[in-house]
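What follows is a short report on a single structure.
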Amino acid sequence: MIPYDHKKIEKKWQRFWEQKKLYKTSDSAEEKDNFYALVEFPYPSGNLHTGHWYAFSVPDIFVRKKRMEGKNILFPIGFDAFGLPAENAAIKRGFDPKKWTYENIDYMRRQLRSMGASFDWSREVITADQEYYKWTQWIFLQFFKKGLAYRAETAVNWCPKDKTVLANEQVAAGKCERCGAEVEQRQMRQWMLRITDYAERLLSGLDKLNWKDEIKQAQRNWIGKSEGAEIEFEIKNGIASSYVLLHGYTGSPNDNFFPWLKKTLENRGAKVYAPKLPNTDDPRVYDQAAEVLKSVPFNKDTVIVGHSLGSVVALKIIEQLKVPVRKTIIVAGFTENKFIDEPFEVHTFDWKFNVKKIRQNAGKVCILRDTIDDVVPQFQAENIKKLIGGKIFDFTASEPHASGKIEPEILRHCIDSVRVFTTRPDTLFGATYVVLAPEHELVQSLDSRIENLEEVKKYIGEAKRKTPLQRQQETKEKTGVELKGVKAINPTSKEEIPVWIADYVLSGYGTGAIMAVPAHDERDFEFASKFGLPIKHVVIPSVVDHVNPPRPDKSSKTRINVHALVYDPVNKKYLIIRNKKFGWDTVVIGGVEEGEKAISAALRELMEETGYVDLEFKRILGGPAKAVYFAKHKDENRIAITTAVYFELKSDKRVAIAEDGENEGNEILWIDAKDFVPGKMVNSELPYWLERLKAGTNMAYAGNGALINSGKFEGMDSEDAKKKITEFVGGEIKTQYKLRDWVVSRQRYWGVPIPIIYCEKCGVSAVSEKDLPVKLPDIKDYLPTGEGKSPLAKATKWLSVKCPVCGGNAERETDTLDTFVDSSWYFLRYCDPKNKKSFADAEKMSAWMPVDLYSGGAEHTTIHLLYSRFWYKAMYDLGLLGGEAAKLGDPSRLGEAEADEPYSERRNRGIILGPDGQKMSKSKGNVIDPDEYVAKFGSDTVRMYLAFIGPYSEAGSYPWDPHGILGIRRFLDRVWAMASTKNLLKAEVFQDFSQRDGARLSNSPAGEYAGLEKSAAEASIVRTINKTIKQVSENIEDFKFNTAISAMMILLNEVEKQSDAISHKQYVEFLKILAPFAPHLTEEIWQKMNKSAKGGPAKGWKSIHLEKWPEYDPKMLEEENYDLVVQINGKTRDKFSVSVNISQSEAEHLTLAREKVKLALDNKQLRKIIFVPKRLINIVV
RNA sequence: GCCCGAGUGGUGAAACGGCAAACACGCACGACUCAAAAUCGUGUGCCGAAAGGCUUGUGGGUUCAAUUCCCACCUCGGGCACCA
């Protein structure tokens, strides 16, 4: 017997496949459909671990099967080569990150080849290659030009250890996902991508995708959509006594600047001055304004609003004022993120400002940044901020100067008010206070009115010092401070309510302020309870009686009543009333008179109806709640606002029951506690009611229901009231997402340089296309500066550059891009990896995209998967994807196709644990080195063992069993041994084998097979092989490789027992279905079976991996007989062999005749017989 | 707390609503061997000497029949987490 020398065999075939370029893919193949199978490319950490093997070699089984089925397969591989580990190795051990990375790639490439996976290496992509990152930069610039990439100052996550910012998605439980250090919040100016613009499409796109629900759900949760309303709460005395409105240069061609704004302010009793300014940039514009403004009595309660040109006028006025004004609002332009490729003429004012004077007199400064692209530097938000300070508020309308949109926005700043976001506008009547996030801007603008400013400032300072993790850890105990002297006005009741700041309100979500409805929100309830704030119930649960539902043909009456539940603790019984006349059970129900307490009403009614008087009130069981039912005794529908009260019986003492019509037919009953359940009572679901009524007692009731204490909305269903109340107070229906914009700049070296240039004069501009790529310079010192700057800031020579607009001296952006940017489009580069003219050719992309099957780790669900979906959609909208996608580029046609989704099917893989069932880690000493096992058993064994370890279709975690792998090796040994002992591997026997299709494997004379036994064995083998082909085919499709392997094992077990019965054709079929699992072994046997006389491969021989995937014959699956299972009352009692065609009556007859059945039935009456052909017969007695 | 997913032998795990535990590991016994390893064979859910009974986290429901469908609860894993 020839030994199975895996080392020799595997090396031989890996070399052979490579030489023959067996897996090289052309973009189309005749009569073959394209199929794009993608696995997440690895980070070149230096060594392939078990996880890599699991990630790559198992999907390779699927890929090989698809290829044999006749698909033109794209199965590429590459390296996600930028990232922190390289850089940290550089800092720690002095390696050159580039050298380190590329050496690792070389090593891993060799290891990957030893895996025998059928990658097309000719398409390898490395993200750190200049040819690749040139296009990363290029695409980034396309985003920049469309405003999808922008730079802004926001609160960002800062990792103090890695000294870089992180995206939200890279922070887990307040810690840096990579190094575990506690993340801090910092205000920093960063590059961001507008992924939030795509929130809705990222959400709706999921519906169309063939992904597992758990993956979709995780993305949905991450996006976190909630629908609600924004509602304005005015601050008491929030309106100033006078306003001066100064219109803009280009924005308002009409006489009056914002007529609506003027009217609105006047309606509220303010004095408004809106002089007409000439539409010119001549300095005399001020003189004219000054003339008009002579009549304005400026004082410390004046608010000045300047827009564009008007802002310059405003500054001039402020400069000359003697007394400071209350507030200055400047509506300014925005140039920073505009891509300027053409020089423009700059309008200039030669006015000089006295900055000190302005700062003295401007009061609170608030700058609203419009989307208008203002080319005049004086009109730009940033410049105005430099000049007079203050705070910038971004205002994004759908169009610049959006009339009707910007005015309300300005109004908000003219009148001190708080805008809150709520998903429960229906509870607005119950808003008893307002809470601001500590970072909320209103605190600053109100500081003169806050009586306890010191305390407030102290609280804010403490809140700011806390890391996000600390804040999270303190969720149990709520803290906060009231802004004393400040009141907000509830827009429904006009009541004055207190304003608090508390860090349980997050500045980054919604408006950074909430209306607190303690009665109907758990957090507010907790806060209100702690600080003694009022709790006002406005929604009560609503219960409809399903046993006695309201009848549409009957009139309805609303009543306030009480349900009195009485318990006798001695006998453990409940008191109920059974009405004989109408046939129902109730507890005592009594109407509550005007001004009466529920408890006394209950006691009165109990006495009248039952006579019991010695009762002790225990507690309010529930309510108030709305209960709707049909009251038979009154023949009308009842809408009862009811309270449930619980009493205990102290003694049997009774008085006479009042004899009136009401009590007719009533029977007073005491029933067992266990019988006090809906099913056991007559026409009653009272216990269920009482349960429902409990909601809202001693806790916040957050459910829906009916409105109370809500003015004209009294009684309305809370769901309907949401819209109605929002309209009533002039609020705005709004959708919020938890998703934040993606922060992509990193203050680190080893990444793609952001291709942006800063010029003193021209601001921010893109690097010209011809200058791409901006190469990552070689530097010596990789240490981050720590103060928010990348090590690139130290590469002085690289740093300085000519401005692409004016040609003057300028500087480069020193931050690099997040590596998730690199991996957001690598699958596109695989389509056309060598392209020098574009990132990928449109035709080629449309030949392959979308990816048919994407396999990767579950940890990327809300990171890479979400990012790349966004990236792809953005590219799609920019028309960059070409082919069909470009034709579909019109956003109005979206939804017609999935053209904007990159992956049509996604599968998450599980993880391999150490033998101890723990995650593998060096410190635990449970790391399995795949190389060791490959050396010992071969890569075929390792990959097949990983496939066998558990269902790949479920992202479970499977421990590596060092013994378990033996089972696979034994199986492969037996496959080999069978070929070997059956002389398959001897050339002289099998030359011209191709002509001997159908011949027996053994050399024995044909006569030996004569006889019944043999043919039964043959029939059995035929059936098994067909079954196996069927199962293996289906299981691979479902990623259930474990059961596919088990099916092949079953086949081999059977074949070994009667190997003479297997034909050559059948053996070949077996070999072919095994080929994707054990590509080397099967190829070796396949070749040896097809040797020519001279010993080389037979003429026309081709690799088994290019052979056609076997098909099964459904007819061959059928059996003539089967074991009929006999059940009696569902329990198996017997079984016997019957023909497949047996009729029910025959089966019954045979079954009843059997001894065991007779015995078991014991002459009992048969009630029913169920016969399921080909399965069982069930006798019910 | 919310949203997913999963609970089946000693272990990894199988099972269109139809014989629970296929396949594999491990273990026990046997064969081969002077011996061991490897290999091959037999057995292996639990209780019971056997007949037989019990068994898919717990409790209920639907069904002739439930690991599978429905409800409640418990435990574990994952994601989110003061998101108004």
Side-chain angles (χ1 to χ4, degrees), chain A residues 172-174 212-222 224-226 228-229 420-425 427 431 435 437 471-472 474-478 502-506 508-517 520-524 526-527 702 736-740 858-859 861-862 908 910-911 913 915 917 945 948-951 954-968 970-971 973-974 977 1040 1042-1053 1056 1123-1135 1167-1172 1174-1181:
Chain A
K212 277 223 170 172
D213 222 39
E214 61 214 76
I215 308 177
K216 293 195 202 180
Q217 203 52 43
Q219 288 212 354
R220 285 192 192 109
N221 288 346
W222 186 261
K225 179 180 181 172
S226 45
V420 304
F421 174 72
T422 176
T423 53
R424 294 297 301 272
T427 63
V435 191
R471 273 208 191 183
Q472 271 174 36
E474 287 164 16
T475 55
K476 283 181 192 100
E477 190 66 9
K478 289 202 167 33
D503 65 4
Y504 84 92
V505 174
L506 307 173
Y509 182 78
T511 58
I514 61 157
M515 62 181 214
V517 187
H520 305 293
D521 182 280
E522 238 171 86
R523 297 150 298 179
D524 298 343
E526 196 191 317
F527 192 80
Q736 280 290 344
Y737 301 91
K738 287 190 216 170
L739 185 71
R740 309 288 158 80
E859 69 277 16
T861 303
T862 52
N908 277 1
I911 51 168
L913 306 173
Y945 172 61
F948 188 61
I949 206 165
E954 268 153 60
S957 43
Y958 308 104
W960 174 285
D961 179 0
H963 297 290
I965 193 167
L966 282 170
I968 295 292
R970 281 177 198 148
F971 170 75
D973 276 338
R974 283 157 57 205
K1040 287 178 175 171
N1042 55 334
T1043 48
I1045 292 169
S1046 126
M1048 291 187 289
M1049 285 172 166
I1050 293 169
L1051 173 69
L1052 186 70
N1053 288 348
E1056 276 183 345
D1123 276 352
L1124 181 70
V1125 171
V1126 180
Q1127 291 186 338
I1128 292 166
N1129 286 339
K1131 296 208 165 175
T1132 305
R1133 293 293 172 193
D1134 195 8
K1135 67 179 102 172
R1167 278 203 271 170
K1168 205 170 173 185
I1169 296 181
I1170 283 129
F1171 175 64
V1172 186
K1174 293 187 191 174
R1175 278 197 206 284
L1176 56 73
I1177 185 160
N1178 191 6
I1179 301 163
V1180 188
V1181 288

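These figures come from a predicted structure and were not determined experimentally. Just the heavy atoms: all of them, side chains too, but no hydrogens, waters or symmetry mates, feed the values below.
Proximity of A/T427 to A/M515: side-chain heavy atoms (C-beta onward) are separated by under 4.5 Å at one or more points. Two residues are said to be in side-chain contact when any heavy atoms from C-beta on lie closer than 4.5 Å; A/T861 and A/Q219 meet this criterion. At least one side-chain heavy atom of A/M1048 sits less than 4.5 Å from a side-chain heavy atom of A/F971. A/D1123 places none of its side-chain heavy atoms less than 4.5 Å from the side chain of A/V1125. Side-chain contact between A/N1053 and A/R974 is present, with heavy atoms from C-beta onward closer than 4.5 Å. Between A/V1181 and A/R1167, every side-chain heavy-atom pair lies at or beyond the 4.5 Å cut-off.
A/G224 comes within 4.0 angstrom of nothing in the nucleic acid, heavy atoms only. Within 4.0 Å of A/I1170, counting heavy atoms only, lies at least one base atom of the nucleic acid. Looking at heavy-atom distances under 4.0 Å, A/I949 makes contact with sugar-phosphate atoms alone, never a base. Across all strands, A/R974 comes closer than 4.0 Å only to sugar-phosphate atoms, never to a base (heavy-atom distances). No engagement by A/D524 is indicated, since no non-hydrogen atom pair under 4.0 Å with the nucleic acid exists. Counting non-hydrogen atoms under 4.0 angstrom, A/V505 reaches a base of the nucleic acid. Among the protein residues, A/F421 comes within range of the nucleic acid bases, having at least one heavy atom under 4.0 Å from a base atom. Nucleic acid contact for A/F527: none, since no nucleic acid atom lies under 4.0 Å from a heavy atom of the residue.
Within the shown strands, nothing qualifies as a pairing partner of B/rU33 under the Watson-Crick or G-U definition with both distances less than 3.5 Å. Look at B/rU68: it lacks any Watson-Crick or wobble partner with both distances under 3.5 angstrom. Pairing for B/rC2 goes to B/rG79, judged as Watson-Crick or G-U wobble with the two contacts each under 3.5 Å. When Watson-Crick and G-U wobble pairs are counted only if both distances are under 3.5 Å, B/rG10 pairs with B/rC25. When both pairing distances are held under 3.5 Å, B/rA49 makes no Watson-Crick or G-U pair with any nucleotide shown. Pairing partner, B/rC73: B/rG57, with both Watson-Crick or wobble hydrogen-bond distances short of 3.5 Å. Across all strands shown, B/rC19 remains unpaired; no Watson-Crick or G-U wobble contact has both distances below 3.5 Å. Summarising the base pairing, B/rA38 is matched to no nucleotide, lacking a Watson-Crick or G-U wobble pair whose two defining distances lie under 3.5 Å.
As a whole-Å value, the separation of A/D521 CG from B/rA84 C1' is 6 Å. Here B/rG26 presents its P atom at 6 Å from CG of A/L966, a figure rounded to the nearest Å. Rounded to whole Å, the distance from CG on A/N1042 to C1' on B/rA21 is 15 Å. Distance A/D1134 CG to B/rG18 P: 21 Å, rounded to the nearest Å. Rounded to an integer number of Å, the gap from A/I1169 CD1 to B/rA65 P is 15 Å. If you measure from atom OH of A/Y945 to atom P of B/rA13, you get 10 Å, rounded to the nearest angstrom. Look at CD on A/Q1127: it is 11 Å from P on B/rG18, rounded to the nearest Å. Put simply, OH on A/Y504 is 13 Å from P on B/rA84, counting in whole angstrom units.
In B/rG53 the base sits anti relative to the sugar, since the glycosidic angle is further than 90° from 0.
Position along RNA chain B of the nearest nucleotide to A/V1172 versus A/Q736 favours A/V1172 as the more 5'-ward residue. Between A/G950 and A/D961, the residue anchored closer to the 5' end of RNA chain B is A/G950, taking for each the nucleotide with the nearest heavy atom.
For A/E859, the CD atom is densely surrounded, since the number of other residues' heavy atoms within 6.0 Å is greater than 12.
Across B/rU58 and B/rA66, the matching P atoms stand 15 Å from one another, rounded to whole Å. Rounded to a whole angstrom, the distance from the C1' atom of B/rU8 to that of B/rC76 is 15 Å. For the C1' atoms, the distance linking B/rG57 with B/rA22 amounts to 23 Å, nearest Å. B/rA38 and B/rC19: their C1' atoms are spaced 37 Å apart (whole Å). B/rG79 and B/rG10 are spaced 30 Å apart, taking the P atom of each and rounding to whole Å. The separation of B/rC74 from B/rU11, taken at their P atoms, amounts to 25 Å, rounded to a whole angstrom. For the P atoms, the distance linking B/rA81 with B/rC27 amounts to 46 Å, nearest Å. B/rU56 and B/rG9 have their P atoms separated by 10 Å, given to the nearest Å.
Atoms CD1 and OH, from A/I965 and A/Y945 in turn, are 7.0 Å apart once rounded to the nearest 0.5 Å. Note that the CG atom of A/L1052 and the CD1 atom of A/I1045 stand 13.0 Å from one another [nearest 0.5 Å].
Phosphate contact (OP1/OP2 of B/rC54, side-chain N/O of A/K1131, threshold under 4.0 Å): present. At least one side-chain nitrogen or oxygen of A/R1133 sits closer than 4.0 Å to the OP1 or OP2 atom of B/rG53. A sub-4.0 Å separation between OP1 or OP2 of B/rA84 and a side-chain N or O of A/S226 is present. Distances shorter than 4.0 Å separate some side-chain N or O of A/R970 from OP1 or OP2 on B/rC25.
Contact annotation: side chain of A/K738 to base of B/rC80, donor-acceptor pair absent below 3.5 Å. Side chain A/K1135 to base B/rC19: a donor-acceptor pair is found below 3.5 Å. Between the side chain of A/N1178 and the base of B/rC64, a donor-acceptor pair under 3.5 Å is found.
The side chain of A/K1168 lies closest to B/rC64 when the candidates are B/rA81, B/rC64, B/rA14. Taking every side-chain heavy atom of A/V1125 into account, B/rC19 is the closest of B/rC19, B/rA13, B/rA15. Taking only side-chain atoms of A/P951, from C-beta outward, the nucleotide of B/rA81, B/rC64, B/rA13 with the closest atom is B/rA13. Of the candidates B/rC80, B/rA20, B/rG12, the closest approach to any side-chain atom of A/Y958 belongs to B/rG12. With B/rA22, B/rA24, B/rC4 as the choices, the nucleotide that has an atom nearest any side-chain atom of A/E214 turns out to be B/rC4. Of all nucleotides listed (B/rC4, B/rA84, B/rC3), B/rA84 comes nearest to the side chain of A/T422.
In this structure, A/F527 and A/Y504 have tilted ring planes: the angle between them lies in the 30° to 60° band.
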